2 protein chains.
Amino acid sequence: MALGKDYAGQDCSLARALELVGERWTLLVVRDAFYGVRRYSDFLAHLDIPRAVLAERLQALTAAGVLDKRRYQHAPPRDEYVLTEIGRELWPALRALSSWGARHLSDTGPSRVFSHVHCGTPLGRFGECPSCGDPVPPQDVEVRPGPGAGTRDDPVSRALRQPHRLLEPLFGAPS
Amino acid sequence: MALGKDYAGQDCSLARALELVGERWTLLVVRDAFYGVRRYSDFLAHLDIPRAVLAERLQALTAAGVLDKRRYQHAPPRDEYVLTEIGRELWPALRALSSWGARHLSDTGPSRVFSHVHCGTPLGRFGECPSCGDPVPPQDVEVRPGPGAGTRDDPVSRALRQPHRLLEPLFGAPS
DNA sequence: CCCAGTCGATTCGTTGACCGAACCAACACT
DNA sequence: AGTGTTGGTTCGGTCAACGAATCGACTGGG
């Protein structure tokens with residue numbers, strides 16, 4: 001977590017994962033990346049995160065190969081951050097944690113619902129499709145607002161009010 | 001995370017989960033609980049965590065219903081912390097994160113290997129049994145040291161050098 | 001050319017969580 | 001009485017997070 005000290009001595013895959021992805025805000029940044037957020041200003045507006053912290057997290061995730069920073073426009077220079085294959089493989093972990101939170105820490109029901117885009121079935125708690133029985137890769141998952149949906153009013157929240165496929169860019173950024 | 005501010009406004013199950021379980025050390029405490037660690041002093045010895053922080057985390061997890069603090073002996077008074085059903089349901093998330101870390105952030109291979117106790121098959125990346133095809137509940141999982149096992153020398157690390165079933169107490173504490 | 005606006009940051013002073021060592025209370029054993 | 005174990009609490013010091021202000025590169029408008 002790079003919070004003063006690392007988890008030195010914890011010879012454990014979990015500890016190593018947490019040093020990168022366990023810092024404050026980091027997993028929420030990754031979650032937004034799955035939602036299709038790609039630009040600094042959109043992360044900023046959706047997360048209410050201090051600018052310096054966002055810049056640091058994006059840099060760390062890029063350095064670790066979870067995100068790829070690429071210039072999609074040269075005049076003026078504009079960069080976007082996109083999940084790499086390594087980043088996309090965080091989906092099961094993200095899904096499991098989020099599902100756990102929804103089941104045990106929520107009073108209003110989930111704020112977003114995930115379903116298999118091919119058959120419309122809501123995902124099970126491991127991210128699998130109950131009717132097909134197989135784990136669903138994120139690009140085949142559709143997000144929709146759920147019963148506990150919030151009332152934020154930033155461009156990202158507004159765009160997420162309609163069904164959206166994971167990993168698809170939220171805004172028509174030049175690919 | 002209760003780090004200065006909470007994730008106010010992040011109306012999201014993931015954010016709620018992270019406020020509890022996303023703080024530094026917390027998931028490692030839960031991991032140790034799955035390993036069968038139950039006593040304050042054992043967490044302390046295995047994690048190299050500041051005493052105050054451990055006390056705070058155990059209290060928070062207990063308050064949230066993830067751990068159950070119970071007195072297993074009255075003279076002298078001794079308490080143990082045991083995973084509740086809610087806590088045990090964190091297993092898929094823990095497994096997914098740990099597996100991700102092992103695949104992408106490890107140079108020596110996993111420090112511990114998990115396998116289905118009924119058939120001996122090593123678990124897949126979602127915590128499922130590749131040969132049975134079903135998700136394996138933690139009480140049916142066996143931990144063994146893996147190729148990247150460390151060289152710590154505390155009672156917990158020593159006890160974990162031999163195969164051990166998850167959730168079983170590491171030491172013969174009176175149940 | 002000049003000015004306002006946007007994007008992606010960096011800088012800075014303050015707050016607060018984490019760290020590690022010391023201390024403490026309750027109890028058991030000798 | 002003295003020593004040891006367990007399960008904490010207390011206390012400075014340090015370092016990361018916070019939020020506001022600033023900045024540099026660029027564009028489009030007048």
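Bear in mind the structure is a predicted one, so any value in this text is a computation, not a measurement. Below, each value reflects all heavy atoms present in this structure, side chains not excepted, and no hydrogens, waters or symmetry copies. Residue numbers begin at 1 in each chain, while the letters A, B, ... track the order of the sequences.
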Expressed as a whole number of angstroms, how long is the span from [X]:[atom1] to [N]:[atom2]?
{"X": "A:Leu54", "N": "C:dC7", "atom1": "CG", "atom2": "P", "answer": "14 Å"}
{"X": "A:Asp79", "N": "C:dT6", "atom1": "CG", "atom2": "C1'", "answer": "14 Å"}
{"X": "B:Asp42", "N": "D:dG8", "atom1": "CG", "atom2": "C1'", "answer": "15 Å"}
{"X": "B:Arg57", "N": "C:dA17", "atom1": "CZ", "atom2": "P", "answer": "10 Å"}
{"X": "A:Glu80", "N": "C:dC7", "atom1": "CD", "atom2": "C1'", "answer": "14 Å"}
{"X": "A:Arg38", "N": "C:dC7", "atom1": "CZ", "atom2": "P", "answer": "17 Å"}
{"X": "A:Lys69", "N": "C:dG8", "atom1": "NZ", "atom2": "P", "answer": "9 Å"}
{"X": "B:Asp48", "N": "C:dG20", "atom1": "CG", "atom2": "P", "answer": "9 Å"}

State whether a side-chain donor-acceptor pair under 3.5 Å links [X] with [Y].
{"X": "B:Glu89", "Y": "A:His104", "answer": "yes"}
{"X": "A:His46", "Y": "A:Asp154", "answer": "no"}
{"X": "A:Ser106", "Y": "B:Ser13", "answer": "no"}

Query raised in the report: Considering heavy-atom distances to DNA chain C, does A:Glu56 or A:Arg78 have its closest nucleotide positioned more toward the 5' end?
Result: A:Arg78
Under 4.0 Å, heavy atoms only, any strand: does [X] hit a base, just the sugar-phosphate, or nothing?
{"X": "B:Gln59", "result": "nothing"}
{"X": "A:Arg71", "result": "nothing"}
{"X": "B:Tyr81", "result": "sugar-phosphate"}

**Report entry** Residue closer to the 5' end of DNA chain D, B:Ser41 versus B:Ala52 (nearest nucleotide)
**Finding:** B:Ser41
Can you find a donor-acceptor pair, distance only, under 3.5 Å between [X] side chain and [N] base?
{"X": "A:Arg24", "N": "D:dA17", "answer": "no"}
{"X": "B:Arg51", "N": "C:dG20", "answer": "no"}
{"X": "A:Arg39", "N": "C:dG8", "answer": "no"}

Query raised in the report: Is the shortest distance from a Lys or Arg side-chain nitrogen in A:Arg165 or A:Glu168 to a carboxylate oxygen in the other one below 4.0 Å?
Result: no
Query raised in the report: Where the side chain of A:Val53 is defined as all heavy atoms beyond and including C-beta, which of D:dC18, C:dA28, C:dA9 is the nearest nucleotide?
Result: D:dC18
Query raised in the report: Is B:Trp25 near enough to C:dA17 that one of its side-chain N or O atoms lies under 4.0 angstrom from OP1 or OP2?
Result: no
Query raised in the report: Mind checking whether B:Trp25 and B:Phe43 have ring centres under 6.0 Å apart?
Result: no
